[in-house]
Structures are given as structure tokens and as C-alpha cells.
Amino acid sequence: MSGSALFDTFARAPLAFERGDGSWLVADNGRRYLDFGAGIAVNSLGYSHPHLLAALNEQAAKLWHVSNLYEIPGQTRLAERLVASTFADRVFFTNSGAEAIEGAIKTARRYQFVNGHPERFRTITFEGAFHGRTLATIAAGGQAKYLEGFGPKADGFDQVAFDDVDAAENLIGPETAAIMLEPLQGEGGIRSFPTQSLRRLRDLCDQHGLLLIFDEVQCGVGRTGRFFAHEWAGVTPDIMAVAKGIGGGFPMGAVLATEAAASGMKAGVHGTTFGGNPLAMAVGNAVLDVVLEDGFLDEVSRKALLMKQGLASIADEYPDVIEEIRGSGLMLGVKCRVANATFNAALREEGLLAVPAGDNVVRLLPALTVTDADIRDGLDRIRAGAKAVSASLASAAN
Ligand SMILES: *Cc1c(COP(=O)(O)O)cnc(C)c1O
């Protein structure tokens, strides 16, 4: 938009939405869109979920914010519930994914510091990673396009090729503190680390006294059909960063850690003004009420299968447009043979919203509450989008 007062940091589609209901968004021109992007995996329970609305409204009438100088019962409760359902013993709440990652990195460095290894501060990461946009998290992500023009890359991050565990092993040195990865890369193009690699990384960390950090900001909180994606592999981290889906649309994140890994994080060492405020905690607890309900995650897996099978048959029909379908649960990627932006635009023409990713992939991240009918409707739109792109390829060839 020319003359906009905003930073030009986003190449925005010329679309503005007024309201949402379930998996549907209504634009200000009245057109309805089926949203398979869900705010990039943030709106985990869709729009206007009655339980989240009630929790937010009830808390809003009582208290919005109190400082972390005082006890916040909603924080204690949410932390206890996260601890009860994961590997973790301790939780620190943040406002965003990048802050959760920064908190995770700081937790690992402090662990080494208080355990007699102040020289260990480096973190090994993997190519294609996305860990956020702060100065430390762009260094951790290691992507040139996000680092360029922001001065020297923050020290303390070493990167190896995606899934190259041998290279990671070779890179471990006297200054290494941690290894960090997304078990299922989101922005990198829906790429999963094989279970075998996760096991080997766990073993390497144990052998060398390093901490294993999982970034489950995008793949966590039910997205893959388990509460956290690493549960599929049966490999647990020492520290985990969570955000996006845990707030169901309310900005929040968390660092989860074992008792040992959190041992350096004492009073005054780290902090936040907004993190864990009562509004965020009310919504986070309400999200867990739904996601941890008996059978909810099984339903995610069932619907995911429906979706993946449908996508596979569309890929068979249009091999000129789609190379493969990848991903896990309701975190799926369409690897394109045409430019992913072209396919994404074709989907939007059909009234379906998706999210481009690296490696020429279009991400499909519907709300975990997506209905079977919405999945069938979405598959019809995706097929129509693939057909339109295929037709334009054919006419360009003639
Ligand atoms: C989105 C994302 C982040 C950064 O989260 P923000 O809330 O945008 O700071 C970090 N890691 C992963 C895997 C993400 O998908």
C-alpha cells in the first residue's frame, strides 16, 4: 500500500479480514476464505472458539496485568499442567516464539556456567532452521536473507546442513553448550528430522554434556497429533521453546526445561515484563483444556490422515504442479514444481488461505478443530487451484 505509515517489512496480500468463525475468515469485502494457514499455526482452535472467548472475557473483567513481582495463579496452574504432560519440570512464560528461543539459549548457557563450564556458550543449529527475528535468533537460524544488513552476526552459533548429524558431531568443541533444532521444520519447508537422527543427537548431547533444545514453536501443542512433535520419536529434550498454538491467537510463549537444565535460572538472572500475564494465562489454560481433552489428539491424527490422503491423490492428478506431500499431522507441506508463490496465489483465488515456506513448499496448517466437511471443501479448492495452475502451464507451452 503506497503512503502507508507502516514499515514495509511485510509483502502483504491486498486482503483485510473482519471476523472469523471456526476455520473461516470473512474479508471486509464480504468474501469468505477457508483458512488453512491459521495465522501460521497460531489459531490452533480456529476463530471465535467459545471456550477461549469465555476464558478471555472472564479474565478481562477481573485483571489484565500484574507484574511478575507477584504471584500469578494462572501461571502456576499452566506451568503445573505443562509439567504434568511433558518431560519438563520448570516453565518460564514469554510473549513470543523468539523470546522463548532466547530464553532457551540463555537457559542452556547458564546451565553450563553454573555447572563449571563458563567457556561453553555455543549452540549448534541446522540449515533451514527458523528460530525468530531477534539478533540472537537470526544468528541461530543462520539464514543469510535474515542476517544481511544487521551488522556482525551474534557470536555463539554454528550451523551444519539439515539432518547432518556427523557434521554436528564434528563441530562439537570445548565451547559448545547446546544443540538446537525444530524436530519438524516449519518455515524451512516442512522437513522432519528422522527418529534415528534425533536419537543420535540425544546421545551426542549426553556424551558431551550438552543440552538438547527443541524448538516446538510451530510443531508443538497438538499440531502433529501428539501434544509435542518429539513424542513421536520418543526422544526428549532438556529444554523446549513453545509459542504460536499455545495461545490460540493470544500472544504467548514458554520455555520448558528439566530441573537440571533450569538450574542456572535464578532470581534476577532473567525476566520479562509482560510474559505470563493473567490474560495470556487464562487463554493458555483454556487452550490446554481443549487440546488435552481425551480423544482430541486422536481426532487430529484422524483428520490429518483424511487430509494427507486427499492431498496425495491431488498430487497424483497434477504431477506437473505438485512434486510431493510431506509433513506430519495437520502440519503438511505441498512441495511444488511451479513457484510456490504461484500455487499459493492460485489457492487464494479459490478462497483458500495457505502459507508459503522455504524449499518451494506451500504449508497447510489448518486449525486443529477443522471439521471433516471443511477438509473436503479445502481439498476441492486445492484441486481447483492445482487444475488452474496446470492449465496455465499447458497454455504457456502451446
Ligand atoms: C514462528 C517461529 C519462531 C518465532 O516466533 P515469533 O513468535 O515470531 O517470535 C521460532 N521458531 C519457530 C519454529 C517458528 O515457527
Side-chain angles (χ1 to χ4, degrees), residues 7 9-10 12 37-44 92-108 123 125-143 145-147 150 154 157 159 162-163 178-193 198 212-224 228-230 237 239-256 272 274-277 280 283-284 287 326-333 354-359 361-366 368:
F7 273 32
T9 44
F10 296 100
R12 297 173 194 270
I40 318 189
V42 165
N43 300 306
S44 47
F92 179 90
F93 290 106
T94 69
N95 310 291
S96 68
E99 283 171 281
I101 294 290
E102 292 248 354
I105 296 163
K106 286 181 75 176
T107 301
T123 300
T125 66
F126 293 86
E127 174 251 312
F130 182 78
H131 298 302
R133 298 297 201 111
T134 63
L135 289 169
T137 56
I138 55 175
Q143 298 200 39
K145 63 179 174 181
Y146 298 145
L147 284 160
F150 293 113
F157 300 95
Q159 195 162 66
F162 177 77
D163 191 32
I179 298 177
M180 179 164 75
L181 61 144
E182 304 151 75
L184 174 52
Q185 282 188 349
E187 136 109 28
I190 312 292
R191 297 194 294 179
S192 13
F193 281 83
L198 296 179
L212 184 61
I213 305 173
F214 284 165
D215 177 349
E216 292 227 20
V217 168
Q218 191 163 151
C219 61
V221 194
R223 184 59 39 202
T224 68
F228 288 101
H230 68 260
I239 304 172
M240 178 168 70
V242 179
K244 292 201 166 92
I246 196 172
F250 199 94
M252 64 174 291
V255 186
L256 278 64
T272 169
F274 294 117
N277 97 357
V283 180
V287 168
R326 48 166 87 152
S328 166
L330 290 175
M331 185 164 171
L332 296 170
V355 190
D359 202 26
V361 163
V362 170
R363 269 177 284 185
L364 299 169
L365 310 158
L368 306 181

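Each ligand, and each atom within it, is numbered from 1 in the order the structure gives. Source: prediction; values computed, not measured.
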Just wondering, more than 12 heavy atoms not from F274 lying within 6.0 Å of its CZ?
->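 For F274, atom CZ is not crowded (no more than 12 foreign heavy atoms under 6.0 Å).
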Under 4.0 angstrom from atom 5 (O) of ligand 1, is there any protein heavy atom?
->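 True for atom 5 (O) of ligand 1.
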Contacts of F250 that satisfy ring-ring contact (aromatic ring centres under 6.0 Å, His included) - sequence neighbours left out |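 Testing F250 for ring-ring contact (aromatic ring centres under 6.0 Å, His included), a comparison that skips the adjacent residues, returns none.
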Side chain, backbone, both or neither: which part of A243 comes within less than 4.0 Å of ligand 1 when only heavy atoms are counted?
->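 The answer is neither; A243 stays 4.0 Å or more away.
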Do any N/O atoms on G132 end up under 3.5 angstrom from N/O atoms on ligand 1?
->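 In this structure, G132 places no N or O atom under 3.5 Å from an N or O of ligand 1.
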Is A98 close to ligand 1, meaning an N/O of one under 3.5 Å from an N/O of the other?
->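 Min N/O separation from ligand 1 is below 3.5 Å for A98.
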Tell me which one of K244, E187, E182 gets a heavy atom nearest to atom 14 (C) of ligand 1.
->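 Comparing heavy atoms across K244, E187, E182, the nearest one to atom 14 (C) of ligand 1 lies in K244.
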Just going by heavy-atom distances, which of Q218, H131, E99 is nearest to atom 10 (C) of ligand 1?
->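 Ranked by closest heavy atom to atom 10 (C) of ligand 1, first place is H131.
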Do K244 and R223 have side chains that get closer than 4.5 Å, going by heavy atoms?
->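 No, every pair of side-chain atoms sits at 4.5 Å or beyond.
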So do the side chains of Q185 and F162 get within less than 4.5 Å of each other, counting heavy atoms only?
->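 When only atoms from C-beta onward are counted, F162 and Q185 do touch, with a gap below 4.5 Å.
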Identify the protein heavy atom lying closest to atom 7 (O) of ligand 1, giving its residue, its atom name and the separation to 0.1 Å.
->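 Answer for atom 7 (O) of ligand 1: G97 N, 2.8 Å.
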Quick one: nearest non-hydrogen protein atom to atom 11 (N) of ligand 1, plus distance?
->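 Protein heavy atom at minimum distance: D215 OD2, 2.7 Å.
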Would you call the rings of F214 and H230 parallel, tilted or perpendicular, where under 30° means parallel and over 60° means perpendicular?
->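 Rings of F214 and H230: tilted, 30 to 60°.
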Just say parallel, tilted or perpendicular for the rings of F193 and F126, cut-offs at 30° and 60°.
->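 If you compare the ring of F193 with that of F126, the planes turn out perpendicular.
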